Amino acid sequence: MSRMAGLGMVNFPLLLAFVAAASVLTITPGADTAMVLRAATVEGRRAASLAAFGVALGCLCWGAFTALGLGALLRASELAYSIVKCAGAGYLLWLGARLLIWPRAALEGAPHRRRAGSGREAFWRGFFTNLLNPKIGLFYVTFLPQFVPVHAGVAGYSFGLACLHVLLTLAWFTALIAATAPLGNWLRRPAAVRLLDRLTGGIFVAFGLRLASSTVR
């Protein structure tokens with residue numbers, strides 16, 4: 001009976017509307033997309049997959065924070081928002097500056113040499129890129145409640161929607177990683193890698209500056 005009651009709380013038209021809106025937002029390019037694509041072309045499929053899982057885990061953490069009510073703190077407290085914002089902007093600017101100054105070597109250690117731990121580092125880059133972005137928390141606080149049915153528990157249902165968003169994100173990154181595989185050998189040429197690193201570094205710096213100038217809304 002409880003299972004049937006739970007299914008009864010699902011508003012399928014509303015759920016489909018969420019999937020459509022979340023899908024559009026998922027494929028919109030951002031710093032996390034640039035990070036996964038860069039990992040796929042330079043560091044390989046394994047590193048890109050781990051970066052994608054890191055991004056997804058960061059989203060999942062924000063979904064949990066939102067369900068617990070901590071996400072609303074970012075909206076209510078400018079100080080809390082500013083602390084997370086400065087940490088996130090600084091992290092993106094640091095990654096971007098390293099790529100611009102030391103192409104190819106910046107996210108791998110020594111020049112022209114991959115390290116065994118590059119996949120693990122890619123995971124943590126993806127994780128912290130999302131975890132230190134308070135705009136994701138604000139997004140969940142303002143976006144998810146719009147798709148919660150009237151009689152459903154807001155916290156649990158919101159977290160379920162966040163999990164669904166994470167699954168959509170992983171599916172999108174899987175498609176991106178697969179699409180870059182045929183171009184991998186060409187894109188790993190030194191000249192192409194340097195160009196890609198500088199382009200990715202510029203994207204990180206741009207998103208870092210954008211995050212630094214953002215305000216609580």
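Keep in mind the model is a prediction, meaning the values are calculated, not measured.
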On a heavy-atom basis, which atom in [X] and which in [Y] lie closest, and how many Å separate them?
X	Y	value
Val154	Val148	CA-CG1, 4.1 Å
Ala162	Gly63	CB-CA, 3.7 Å
Val205	Ala97	CG2-N, 4.1 Å
Leu95	Phe204	CB-CD1, 3.8 Å
Leu168	Ala22	CD1-CB, 3.8 Å
Pro29	Phe207	O-CZ, 4.1 Å

Q: Without swapping roles, check the side chain of Asn130 against the backbone of Val55 for a donor-acceptor pair under 3.5 Å.
A: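 Indeed, once roles are kept as given, a pair shorter than 3.5 Å links the two residues.
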Q. Within the side chain of Ser158, is there an N or O that forms a donor-acceptor pair under 3.5 Å with the backbone of Ala155?
A. no
Grouping I, L, V, M, F, W and Y whenever their side-chain heavy atoms are under 4.5 Å apart, do [X] and [Y] come out in a common cluster?
X	Y	answer
Trp172	Leu170	no
Phe128	Ile203	yes
Trp124	Leu37	no
Leu25	Leu60	yes
Leu199	Ile177	no

Q. Parallel, tilted or perpendicular: which fits the ring planes of Phe127 and Phe123, with parallel below 30° and perpendicular above 60°?
A. parallel
**Q.** Parallel, tilted or perpendicular: rings of His165 and Tyr140 (30°, 60°)
**A.** perpendicular
Q: Report the C-alpha separation of Thr33 and Thr28 in whole Å, then their side-chain angles, then the decisive distance to 0.1 Å, and conclude whether the side chain to side chain contact (heavy atoms under 4.5 Å, CB included) test is met.
A: CA-CA 8 Å; Thr33 302; Thr28 302; over 6 Å; no
Can you check whether [X] reaches [Y] side chain to side chain, under 4.5 Å on heavy atoms?
X	Y	answer
Met35	Thr129	yes
Lys85	Asn133	no
Leu132	Leu92	no
Ile136	Pro134	no

Distance, nearest 0.5 Å, that separates [atom1] of [X] from [atom2] of [Y]:
X	Y	atom1	atom2	value
Leu93	Arg98	CG	CZ	14.0 Å
Phe159	Leu68	CZ	CG	9.0 Å
Arg46	Arg120	CZ	CZ	8.5 Å
Leu176	Thr41	CG	OG1	11.5 Å
Leu99	Trp94	CG	CH2	10.0 Å
Thr174	Arg45	OG1	CZ	9.5 Å

(Q) Going by ring pair (Phe, Tyr, Trp, His ring centres under 6.0 Å), name the pairs with one or both residues in residues 14-61, residues two or more places apart or in two chains. (A)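 Residue pairs with at least one partner in residues 14-61: Phe18-Phe143, Phe18-Phe147.
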(Q) The test is side chain to side chain contact (heavy atoms under 4.5 Å, CB included); show your working for Phe65 and Leu131 and say whether it passes. (A) CA-CA 11 Å; Phe65 295 157; Leu131 188 67; 4.0 Å; yes
